[in-house]
Number of protein chains: 2
Amino acid sequence: MTRVLEIVDRRLGDRCCDPTARPSRSHAEAEAAAIDFDQLAHPVRLQLLDVLARNEGRVCVCDLEAAVPVKQPTVSHHLRLLREAGLVESEKVGQWVYYRIRRDAARALRDRVQQVLRAFA
Amino acid sequence: MTRVLEIVDRRLGDRCCDPTARPSRSHAEAEAAAIDFDQLAHPVRLQLLDVLARNEGRVCVCDLEAAVPVKQPTVSHHLRLLREAGLVESEKVGQWVYYRIRRDAARALRDRVQQVLRAFA
DNA sequence: GGGGTATATTGACGAACGTCGATATACTGG
DNA sequence: CCAGTATATCGACGTTCGTCAATATACCCC
């Protein structure tokens, strides 16, 4: 009895609307997508990727440094993040280190991002 | 004389490669793009946008709260960020506030993001 | 091997971010 | 006007991020 009254109370209650509005993706999936966006959410990383994408083959770190307005340790830091994200790879040649973009990973990232965005717009 | 020697020294010097590798976009443009990615770089914001996109019309805050695993002030915080970014708009109706996604802004954001990504992959 | 160069790493620092309890504000029904 | 509810704001706190000077590491050439 009490139970029925409670249910009725809820139905007639002061809900603004019923929560049919559920997210289509789990929070875990949203977290994964957020990581994708996070990797691109810094101007220096975007510029580094831009230079690397535009230079088929390899670019040495000194040229990457010249392309962005931060000091050498900071460039190294962002290159590390990009490397750990799998978006670039590096190769040591003598005294220098050359970076190149990983097209496959970049394409996969682009596809995942586009899929998220398709749901919004 | 000294000057010529210096130039020659640089030419023959120990550069790994000439910096033909310049970014195609300015740092200011990269900063603007990074802001776009930043707005999407959080799981709660992605989930909120997801729910809003999937509900043509309006969704009240209480339902948005139910859709994400954070407390009410945090939901309010992220809704404010989305509102300030122009991605959603709100309307107060009596006791409740309804949010809706701004399709035009979402589409514009998507297009800008896609343009950046096209350069990479 | 010693001096020079390229890149990475470390450590420190301030700034920005994310979260939440507490509170304020605005509305509603009685 | 009062008690209750919905949402926003405030204030504090811990965490992560971005940057750089200093240093380490690895390489090169003489």
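Note that the structure is predicted; figures quoted are calculated from it, not measured.
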Atom pair distance, as rounded to whole Å: [atom1] in [X] and [atom2] in [N]:
X       : N      : atom1 : atom2 : value
B/Gln95 : C/dG29 : CD    : C1'   : 9 Å
B/His42 : C/dA16 : NE2   : C1'   : 13 Å
B/Leu79 : D/dA8  : CG    : P     : 7 Å
A/Trp96 : C/dG4  : CH2   : P     : 17 Å
A/Lys92 : D/dC27 : NZ    : P     : 5 Å
A/Lys71 : D/dT23 : NZ    : P     : 17 Å
A/Leu48 : D/dT19 : CG    : P     : 11 Å
A/Leu82 : D/dG18 : CG    : C1'   : 14 Å

Return the nearest nucleotide to the side chain of [X]; candidates are [options].
X       : options                : answer
B/Gln72 : D/dA8, C/dA8, D/dC20   : D/dA8
B/Val97 : D/dT7, C/dT19, C/dT7   : D/dT7
A/Cys62 : C/dT7, C/dG21, C/dC27  : C/dT7
B/Glu65 : D/dT19, D/dT7, C/dC20  : D/dT7
B/Pro73 : D/dC28, D/dA22, C/dG21 : C/dG21
B/His77 : D/dT5, C/dC20, C/dT19  : C/dT19
A/Arg80 : C/dT7, C/dT9, D/dT19   : C/dT9

Is A/His78 touching bases, backbone alone, or none of the nucleic acid, heavy atoms closer than 4.0 Å? sugar-phosphate
Salt bridge or not for A/Arg100 and A/Glu91, using N-O below 4.0 Å? yes
Along DNA chain D (nearest heavy atom to each residue), the more 5'-positioned of A/Arg45 and A/Val93: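 Going by which nucleotide is closer to the 5' end, it is A/Arg45.
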Between A/Val44 and A/Gly94, name the one whose nearest nucleotide on DNA chain D is closer to the 5' end.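 Nearest-nucleotide comparison on DNA chain D picks A/Val44.
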For D/dA6, does either OP1 or OP2 sit under 4.0 Å from a side-chain N or O belonging to B/Tyr99? no
OP1 or OP2 of D/dC20 less than 4.0 angstrom from a side-chain nitrogen or oxygen of A/Thr74, does that happen here? yes
Do the non-hydrogen side-chain atoms of B/Pro69 and B/Gln47 ever get within less than 4.5 Å of each other?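 Yes - at least one pair of side-chain heavy atoms lies under 4.5 Å apart.
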Does A/Arg54 reach the side chain of A/Asp50, with side-chain heavy atoms less than 4.5 Å apart?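 Counting from C-beta outward, A/Arg54 and A/Asp50 do come under 4.5 Å.
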Going by ring-ring contact (aromatic ring centres under 6.0 Å, His included), name the residues that satisfy it together with B/His42, two or more places apart in sequence or in a different chain. B/His78
Please answer whether the main-chain N or O of A/Tyr99 pairs with a side-chain N or O of A/Arg83 as donor and acceptor at a distance below 3.5 Å.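 Answer holds: no.
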